[in-house]
> 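This is the structure, below, for whatever I ask next.
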Amino acid sequence: MIHDQANYEREGEDVREPLLSEKGQETVDVREDSPLPDDLTREELTLPNPSEPETARHYTRLSQMNWAIDAGPYPLGSCTMKYNPKFTEDVAADPNAAIHPDRSARSAQGNLELQYRLQEVLAEIGGMDAVTLQPPAGAAGELTGILVAKAYHEHHGNDRSEVVIPASAHGTNFATAATAGYDVVELPSGEDGRVDLEALEAAVGDDTAALMLTNPNTVGLFERDITEIAEVVHDAGGLLYYDGANLNALLGRGRPGDMGFDVMHYNVHKTFATPHGGGGPGAGPVGVVDELAPFLPTPRVREAAEGSGYERFEPAHTIGKVHGFAGNWLVSIKAYAYVARLGDEGLADAAAKAVLNANYLAERIDLDVPFGPFHHEFAATAGDRDAADVAKRMLDFGVHPPTTKWPEMVPEAMLTEPTEIEGQSSLDDLAEAFNLAYADTDEALDAAPNRTAAGRIDQVGAARNPRLSWQALDGE
Amino acid sequence: MIHDQANYEREGEDVREPLLSEKGQETVDVREDSPLPDDLTREELTLPNPSEPETARHYTRLSQMNWAIDAGPYPLGSCTMKYNPKFTEDVAADPNAAIHPDRSARSAQGNLELQYRLQEVLAEIGGMDAVTLQPPAGAAGELTGILVAKAYHEHHGNDRSEVVIPASAHGTNFATAATAGYDVVELPSGEDGRVDLEALEAAVGDDTAALMLTNPNTVGLFERDITEIAEVVHDAGGLLYYDGANLNALLGRGRPGDMGFDVMHYNVHKTFATPHGGGGPGAGPVGVVDELAPFLPTPRVREAAEGSGYERFEPAHTIGKVHGFAGNWLVSIKAYAYVARLGDEGLADAAAKAVLNANYLAERIDLDVPFGPFHHEFAATAGDRDAADVAKRMLDFGVHPPTTKWPEMVPEAMLTEPTEIEGQSSLDDLAEAFNLAYADTDEALDAAPNRTAAGRIDQVGAARNPRLSWQALDGE
Amino acid sequence: MSRANGTPYAPHTDDETAAMLAAIGVDDEEALFDIPEAVAFDGEFGIEPRTEREIRDECARIFGRNDDLTEFLGRGHYGHYVPSVVDHLADRAEFLTSYTQYQPEVSQGFLQALFEYQSMLVELTGLDVANCSMYDAATALGEAATLADRVRSTAGDTVLVPEQLREGKRAVLENYCAGADLTVETYPMADGTADVDALADRAGEDVVMLYAESPTVRGCIEERLAAIGDLADETDALFALGSDVVALSVLESPAAVGADVVVGEAGSLGLPTAYGMGLGIFACSDEFLRQVPGRLVGASEDADGARAYTLTLQTREQHIRKERATSNICTNQAWVALRAAIHAATLGPDGLVDLANDSVREAAALAERIDDLSGAAAPVHDRHHFREFAVRVDQPAEAIAADLEGEGFAVHAIDDHLLQVCVTDLNAGETDGLVAAFEEVL
Amino acid sequence: MSRANGTPYAPHTDDETAAMLAAIGVDDEEALFDIPEAVAFDGEFGIEPRTEREIRDECARIFGRNDDLTEFLGRGHYGHYVPSVVDHLADRAEFLTSYTQYQPEVSQGFLQALFEYQSMLVELTGLDVANCSMYDAATALGEAATLADRVRSTAGDTVLVPEQLREGKRAVLENYCAGADLTVETYPMADGTADVDALADRAGEDVVMLYAESPTVRGCIEERLAAIGDLADETDALFALGSDVVALSVLESPAAVGADVVVGEAGSLGLPTAYGMGLGIFACSDEFLRQVPGRLVGASEDADGARAYTLTLQTREQHIRKERATSNICTNQAWVALRAAIHAATLGPDGLVDLANDSVREAAALAERIDDLSGAAAPVHDRHHFREFAVRVDQPAEAIAADLEGEGFAVHAIDDHLLQVCVTDLNAGETDGLVAAFEEVL
Ligand SMILES: Cc1ncc(COP(=O)(O)O)c(C=O)c1O
Ligand SMILES: Cc1ncc(COP(=O)(O)O)c(C=O)c1O
């Protein structure tokens, strides 16, 4: 397939759709009409003031210059770009759900009920005992989980200082552990791409607060030794944290709770198909086993005394809060609607088709895939080609390329996760894009992309000379 | 400006986004599960069965291959392509308004009230005494109006056989008169582009049922002699029909009723900014003076006895119905919301800005504009260039071209109506597109357009070898 | 850079307005108007501008005055559940805010969608050609009559329609017929469908078009369509069949029973219950291709030889053929056709057939339950029903309908002692309530 | 071509599944799973799949169980009327269903929108740099503390915050501070704003960050921000200012009062009342550019020399810098930032300033009316208020709030005899009702 992306360009001026500021700004004398004394107010405010038709056109054009899952395949590995069912938007737009978080529990029974229901289904799916919906994204879920683990250890008089993380883990795992005040112990990958038990044993000890793991891992391999891994960590008094980013591969076939994980986050903008929105909002609910439940953020929601609905409560040893209010509520609603739509069968089928798709696509491409058997994603290697260049060239063929150059254990990695939503023909399109790009000349790769709104962008220059606002462009 | 339109193309196969049927069809054995006897059912049904993600992607891609007012200027003369305020969509989506037309009046007071209110404001705006909302488009309004005129004449024992229509009128005027069973008398345009009073006097007589006129006319000229025109027609016993397509130029500055028109339609998808939807749905309410009110379609809506709300009633000599139910209801709602948003001032300003825009744009382009002073639209002439070719070339410059080759009184006409919603900069874009295209080489014009999803399309071939369904493409 | 009061939908700042006036060479916008004083308007409409939010509140209040009834209403306007994806896709601005596809190169998206809609109708009717919409079933029927007038060289001028026909449809037909000097006459019905024997007696050289419906307005599935078609054929009358897009997915193919033209309603897909707003079907055989009313999208090639779509056979249309056009229709229901096509795609043939089968089953089941009540008999007609059926009540129908309304349910009162009840997926979950209400009021 | 039961969001027909399995060379999907039996799950979740329509009905029923109250609630989460155009544009699938802009060439649209959002925040704060979002005001405050920890080489580890601070915000801050070994301490308030004299006494070398808010959680506009900024400066502490996007349009520019960082809430534009869902502001001066948490969009050039946008300075971020990243944030609130930007564009500076001015005027007017009632005094603090204010009541506040709830109104009970009331454009039309209810229950 060939895709020309829409473009609106002003040739002489070397800009595409002009900035709102370039279309016209207005300066308001703030003090003129102000009910406040002058010393409390600013003098003036200068902002764009487009009319509604101009606003509509501006953002319509911008949107047309943006790739999306509704335009075509978007197989970013580790990102689980699923189709976002439209009806979930309508459910979330219910004005009755649009209430203030400080409502009394009595007057917010509807929201509490939905929160409770979502907590329950998530606990079931993850094999966990208790769930909080508060964390507003996966990384926030990680922080919540690690803080819960920390509180648990401290509560038991255990001062542990390290979190063990496989080298192939997502950057948020490392950053989270650091944010929580832990030292990071990086675990080198085993030769088969999985955790090396010996290396784990060497890394784990009295200082180990937790091991953070995702399973299948970031190249799609199931950690077959998960029972042994759990034993090693638990024996040392550590806890097992499950990074839920890859849960889509396990739905209905394995539950972190059953594998020995003590705490996990769910990445609902991946597994449960809530829209990524160009980088959020997401939601990262956290599930824990019973022993950790008293440490979860406050408030949680539970059934109240019989027949009296739902109530909020503060867990006995709560870590406090990880979001000012109840997290990304609209996202919670969409996740609930998605899970309800699929049910047991649909969830299991989602996993099956996600794994089928990854395997089929890997079969169809000319690039090597060093590790296996993989599940919902695989890391192909671009070999002696630059993975980033191959990716740029793929853009010309009507698909979005995979995640590139990560994880590092695969050289020139192209981490690919088609998810269950692609059919055979779009997987064939993807494979063709891979193969055409991979086989193309160096010159073609250098010159790519050619059919996108913008040509290859100078990212080094952007960082060297940061211009981060239209104010910074002024006078250019 | 330069605009590349989005395109999804399958090169080898010479198709863009494949047809739904090409993506996969399913044949269902209808009788297998049918509660009906075999002799009442078809054997099988074959239709596409895309999954929801495929459906979403299909129509998202198709939409990206379609120009729209939200993408840029769309100055089709006589079409009044305004910005369609988004909030009117939300108002029309109110589930409480989504009721069945056979509801009792008592249980449908809300819908009746909105109908009544819209009737009232339209009557006020047109200077008419009574309004029906039933006609589902402008042409349907014309037919309604002419049938009302006919019924009126017949009621008064007048059997008149002709409708007089200026040569420059819209095709629907002619076709409508014919549909209503009238002979059409075509009135040649005067030298100044307006109705020639002498020609009119010659054309009008005992057989004249009505004169159909739009004012300003289709090149934007106000019929200055409208009072005399009305006299001529009325003196002969005829009625004056106002084609509301150009009402946008008159809002708050002139009312058809005050000019002597007896019956008119409002084109709400032009004047009142309801979306054109790629060719409908529209709405063509009809207003009449008191004498004609008894002939309007049934039912109409009026206030019931004091305090008891609204009721439907059948006009004494109704022509019956012109739509199976109450017309395009959702469009009526949007029109009401638009009029309410603008109010008196806004409506008058819309006309002012529409006229300002047309005059400014005409000033900016290199093409001649033979007639004037025009109001909301003008007919430029492409002179010795082919207007259709110039239009195709304009497509490459990020604008939609004007209506071409109509009306015929202007050679190689480019009938241009920017409406009030374009600002100075987009008018300058439009002017630039006009001028670049007009000045371009013959070869460039022949080869245009180049940046649209499809290149120049063979329309003669399409008509010579009609393939009107995917079934007709089978085996090609 | 500020804006004077006026329409919020014009972008002009005061400075821009001034610059533009200066470029034209006039002092103000008034100077651009060439309206003689005698006919100029300097009054007020008295319409207060309101904010977007005020209007939303106002209209919500107004629509809130509709009673909250569960509707069991049909008779030509049907509500089915419209999947959310239909709204989301059809509302895309590129579809909603575009005009008719006069420049096909930049309008491939909508053209292809309409081409696909036509193709779906071709499959559903079995006929060769379907246009991309009429306003509704009633106007489509009117257009069928004028087509018959053009293509049939019988001596006659009679359009023969069933005695039981929705009043509004008949009234619209009359208006289209009047201009063509056609006369509408009726043939008798027997138990909710055509009385074919009586029709055979009535048929003759004066008939230019014979119209039958299935399902009929009473919800009955016509059992002898082929026989009716034969009667039309015998006198060279056009056989026009009226139906509904959902029913067409399971009923005998119109082509198979000899229909020359199919008209009817397709708005039962894609549209919510919309106070009667519709989407007229118009399909016919190739023979009448140059006489079809309305717009047609055809496939062609572009300069690169790739398949492309365009409006075609436009010489039929008013903007070219003027008073000799096949119809005066211009703006039609394109966006509604798009909605119906998306809805059909979402259902797939499986879902569509299921919906149709349920329309038969639910109607039969509900009729049986009502029949069990004393004081009511249903279905009145010994026929297979689609979505709806007539109910005979001992008490006056109007009174019963009013009482049911008091209980929160709307049904049709169609004759002194006849009600009509329509069940679709939207109200199928509420039949218990309806039956209970019937019990209450009978 | 049919589909087995399973997720409705996978397109595979049975035939396709079979063909794909054959291409891989396995018999069924099970064979592709490499999960040891010991940890495999073969139970059931017990989740019944439901149709789209059933779920819509179910959720409508659930949400219907929220009482229909008119809310006068604020304290960090504010609802303003969101113009319809915001929904329509932000809901465009190209925005809503896209990922983070890792391939900028194909993501110019969203990148430009975020660049514009950053620019609006730069104007509103007067600072050089604004990121393209944090989760909410509370997490943004937490991130400010860790930034302070990184950039300030004071000996101390104290984060000094107002004694009156929303509980949730403080709790979140504590969690961010804990990891950085920072301690949160408070300074006293005087009449709803900082007690600057007491603060001067408290300030010292141990303070790494001094945080003040305007408006404060009590809705008071801080009058001595510059003095507070000076105090921070004196000990080289970071001066972090908390505010709200609407208030920023009229209040003294944070840059002018010496703020190093601005955090706060921008979700009061673009989002409806959303149960606390928000949009965290994070802006700071150039000095801290390499220490900013979260995503930044910068301008650059493409191969043709045309301006283009891209995520930039990514070496700050977790996916590159791992445990040395400036924050662990990855997915943020991009789409909410888009909504806020569209809302701001729709208002323009005029509309935004009007909204802010009304927030001052309406609060003052409502406080006055409540003050007139016997048994209540408002505003409690002798300050200028923004949107909200405290009310002292003679009776227990909890009881009054509960009684008001019985009358259909929600307000905050913030202390034994203190209520808090927030008025925005959304409820300004309902103040008569609130005052009447107060009269009823006092
Ligand atoms: C493996 C893994 N872990 C954690 C995260 C972080 O999740 P979020 O972006 O929701 O914060 C991601 C996100 O891409 C991920 O892929
Ligand atoms: C002058 C004129 N009259 C009548 C019509 C017909 O209106 P409609 O398309 O709504 O049927 C048009 C539409 O373009 C027009 O421009």
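Order of the sequence lines sets the chain letters (A, B, ...), proteins ahead of strands, with each chain counted from 1.
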> Of all residues at least two apart in sequence or in a different chain, which pass the side-chain hydrogen bond (donor to acceptor under 3.5 Å, both in side chains) check with B:Arg42?
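Here no residue qualifies.
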> Measure B:Tyr182 against the heavy atoms of chain C and call it side chain, backbone, both or neither at under 4.5 Å.
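For B:Tyr182, neither part sits under 4.5 Å from chain C.
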> Can you say whether B:Leu221 sits under 4.5 Å from chain C via the side chain, the backbone, both, or neither, judging by heavy atoms?
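When you check distances to chain C, no heavy atom of B:Leu221 falls under 4.5 Å.
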> If you compare all heavy atoms of B:Pro48 against all heavy atoms of C:Pro349, which two are closest, and at what distance to 0.1 Å?
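So the two residues come closest at O-CD, 3.3 Å.
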> Establish, from distance only, whether the side-chain atoms of C:Asn66 and B:Asn111 form a donor-acceptor pair under 3.5 Å.
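Looking only at side-chain atoms, B:Asn111 and C:Asn66 do form a donor-acceptor pair, the distance falling under 3.5 Å.
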> So which residue, B:Glu422, B:Arg255, B:Glu363, B:Glu89, ends up with the most heavy-atom pairs under 4.5 Å with chain C?
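Answer, by heavy-atom pair count under 4.5 Å with chain C: B:Arg255.
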> Should the pair B:Arg456-C:Asp302 be classified as a salt bridge under the 4.0 Å nitrogen-to-oxygen rule?
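No, no charged N to carboxylate O under 4.0 Å.
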> Please determine whether a side-chain nitrogen of the Lys or Arg among B:Lys321 and C:Glu174 lies less than 4.0 Å from a carboxylate oxygen of the Asp or Glu.
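No salt bridge links B:Lys321 with C:Glu174.
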> Do B:Tyr360 and C:Glu16 have side-chain N/O donor and acceptor atoms under 3.5 Å apart?
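No donor-acceptor contact under 3.5 Å links the two side chains.
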> For C:Gln314, is it the side chain, the backbone, both or neither that has a heavy atom under 4.5 Å from a heavy atom of chain B?
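Contact with chain B involves the side chain of C:Gln314 alone.
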> If we define contacts as heavy-atom pairs under 4.5 Å, which of B:Pro466, B:Gly127, B:Gly461 has the most with chain C?
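Going by pairs under 4.5 Å, I would pick B:Pro466.
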> Heavy-atom distance under 4.5 Å to chain C: side chain of B:His100, backbone, both or neither?
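For B:His100, heavy atoms of backbone and side chain both lie under 4.5 Å from chain C.
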> State, to 0.1 Å, how close B:Tyr59 and C:Leu89 come at their nearest heavy-atom pair, and which atoms those are.
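Scanning both residues, the minimum pair turns out to be CB-CD1, 4.0 Å.
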> What heavy-atom pair brings B:Asp94 and C:Cys59 nearest, and what distance separates the two atoms?
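Answer, listing the atom of B:Asp94 first, then C:Cys59: OD2-O, 4.3 Å.
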> Between the side chains of B:Ser107 and C:Asp67, is a donor N or O closer than 3.5 angstrom to an acceptor N or O?
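B:Ser107 vs C:Asp67: no donor-acceptor pair found between side chains.
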> In terms of heavy-atom proximity below 4.5 Å to chain B, should C:Val353 be classed as side chain, backbone, both, or neither?
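Contact with chain B is through the side chain of C:Val353 alone.
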> Of all of B:Leu36, B:Thr298, B:Val15, which one pairs up most often with chain C through heavy atoms under 4.5 Å apart?
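Ranked by contacts with chain C, first place is B:Leu36.
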> Just so I understand: if I count every heavy-atom pair under 4.5 Å between each of B:Ala137, B:Pro95, B:Gly320, B:Ser21 and chain C, which residue has the most?
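Among B:Ala137, B:Pro95, B:Gly320, B:Ser21, the one with the most close pairs to chain C is B:Ala137.
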> Closer than 3.5 angstrom, by distance alone: can the side chain of C:Glu94 be matched with the main-chain N or O of B:Ile69 as a donor-acceptor pair?
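Pair absent, no side-chain N/O of C:Glu94 close to backbone of B:Ile69.
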> Relative to chain B, which segment of C:His77 carries a heavy atom at a distance below 4.5 Å: side chain, backbone, both, or neither?
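The answer is both parts of C:His77.
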> Evaluate whether atom CD of C:Glu44 has more than 12 neighbouring non-hydrogen atoms of other residues, nucleotides or ligands under 6.0 angstrom away.
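No - once you tally the heavy atoms of other residues, nucleotides and ligands closer than 6.0 Å, there are 12 at most.
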> Name the region of B:Asp458, side chain, backbone, both or neither, that has any atom closer than 4.5 Å to a heavy atom of chain C.
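Answer is both: backbone and side chain atoms of B:Asp458 are under 4.5 Å from chain C.
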> Under 4.5 Å heavy-atom distance to chain B, tell me which part of C:Leu313 shows up: side chain, backbone, both or neither.
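Interface part for C:Leu313: both.
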> Just do the side chain to side chain donor-acceptor pair (under 3.5 Å) check on B:Asn66 and C:Gln101 with the steps written out, would you?
CA-CA 9 Å; B:Asn66 214 68; C:Gln101 301 73 31; 5.6 Å; no
> Given a strict heavy-atom distance threshold of 4.5 Å, which part of C:Ala137 is in contact with chain B: side chain, backbone, both, or neither?
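Contact with chain B involves no heavy atom of C:Ala137 at all.
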> Please state whether the side chain, the backbone, both or neither of C:Ile320 comes within less than 4.5 Å of a heavy atom of chain B.
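No part of it gets close to chain B.
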> For C:Glu405, is it the side chain, the backbone, both, or neither that has a heavy atom closer than 4.5 Å to a heavy atom of chain B?
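The side chain, not the backbone.
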> Within the supplied structure, the quantity of interest is the number of heavy atoms (other residues, nucleotides, ligands) at a distance under 6.0 Å from B:Asp39 CG; does it exceed 12?
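Enclosed.
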> Partners of C:Thr310 by side-chain hydrogen bond (donor to acceptor under 3.5 Å, both in side chains), sequence neighbours excluded?
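By the side-chain hydrogen bond (donor to acceptor under 3.5 Å, both in side chains) rule, C:Thr310 matches B:Gln459.
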> Of the non-hydrogen atoms in B:His323 and C:Gly278, which two are nearest, and what is the gap between them?
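Nearest pair, atom of B:His323 first, then C:Gly278: NE2-N, 4.5 Å.
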> Would you call C:Glu71-B:Arg103 a salt bridge at under 4.0 Å N-O?
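Salt bridge present between C:Glu71 and B:Arg103.
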> Relative to chain B, which segment of C:Arg321 carries a heavy atom at a distance below 4.5 Å: side chain, backbone, both, or neither?
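Answer is neither: C:Arg321 stays 4.5 Å or more from chain B.
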> Who wins among B:Leu20, B:Thr55, B:Val331, B:Ile226 for the most heavy-atom pairs under 4.5 Å with chain C?
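Highest number of heavy-atom pairs under 4.5 Å: B:Leu20.
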> Where do B:Glu9 and C:Ala306 come nearest, in terms of heavy atoms and distance?
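Where B:Glu9 meets C:Ala306 most closely, the heavy atoms are OE2-CB, 4.3 Å.
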> Is it the case that the side chain of C:Ser119 and the backbone of B:Trp470 share a donor-acceptor pair, with hydrogens and angles ignored and the cut-off at 3.5 Å?
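Here the side-chain-to-backbone pair exists.
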> Hey, are C:Thr7 and B:Glu420 close enough side-chain-wise for a donor-acceptor pair under 3.5 Å?
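Checked: B:Glu420/C:Thr7 side chains show no N/O donor-acceptor pair below 3.5 Å.
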> Does any heavy atom of chain B fall under 4.5 Å from the side chain of C:Glu58, the backbone, both, or neither of them?
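The side chain, not the backbone.
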> Between B:Leu395 and chain C, which part of the residue has a heavy atom less than 4.5 Å away: side chain, backbone, both or neither?
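Contact with chain C involves the side chain of B:Leu395 alone.
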> What part of C:Val250 lies closer than 4.5 angstrom to a heavy atom of chain B: side chain, backbone, both or neither?
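Contact with chain B is through both the backbone and side chain of C:Val250.
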> What part of B:Ala180 gets closer than 4.5 Å to chain C, counting heavy atoms only: side chain, backbone, both or neither?
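Only the backbone of B:Ala180 comes within 4.5 Å of chain C.
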> Checking heavy atoms, do the side chain of C:Thr146, its backbone, both or neither come under 4.5 Å from chain B?
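Answer is neither: C:Thr146 stays 4.5 Å or more from chain B.
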> Do B:His375 side-chain atoms and C:Asp34 backbone N/O form a donor-acceptor pair below 3.5 Å?
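Looks like yes, one N/O pair under 3.5 Å.
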> Which answer fits B:Pro449, side chain, backbone, both or neither, if we ask what part of it has an atom under 4.5 Å from a heavy atom of chain C?
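Interface part for B:Pro449: side chain.
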> For C:Glu123 and B:Thr46, work out which heavy atoms get closest and say how close.
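Closest approach of C:Glu123 to B:Thr46, heavy atoms only: OE2-N, 2.8 Å.
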> Quick one: does B:Asn96's side chain have a donor or acceptor within less than 3.5 Å of a partner on C:Phe63's backbone?
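Between the backbone of C:Phe63 and the side chain of B:Asn96 there is no qualifying donor-acceptor contact (under 3.5 Å).
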> Cation-pi check, B:Arg253 to C:Phe41: give yes when NZ or CZ is under 6.0 Å from the six-membered ring centre and within 45° of the ring axis, no otherwise.
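No, cation not above the ring by the 6.0 Å, 45° rule.
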> Check for a donor-acceptor pair, side chain of C:Arg65 on one end and backbone N or O of B:Gln109 on the other, with a separation under 3.5 Å.
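Between the backbone of B:Gln109 and the side chain of C:Arg65 there is no qualifying donor-acceptor contact (under 3.5 Å).
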> Find the one option among B:Thr172, B:Leu114, B:Leu76 whose heavy-atom pairs under 4.5 Å with chain C are most numerous.
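Of B:Thr172, B:Leu114, B:Leu76, B:Thr172 has the most heavy-atom pairs under 4.5 Å with chain C.
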> Do the charged groups of B:Asp14 and C:Arg307 touch, with an N to O distance under 4.0 Å?
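Salt bridge flag = no for C:Arg307 with B:Asp14.
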> I'd like to know if the side chain of B:Asp344 reaches the main chain of C:Ile47, judged simply by a donor and an acceptor atom lying under 3.5 Å from each other, with no hydrogens or angles considered.
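Yes; judged by distance alone, with no hydrogens or angles, the pair exists.
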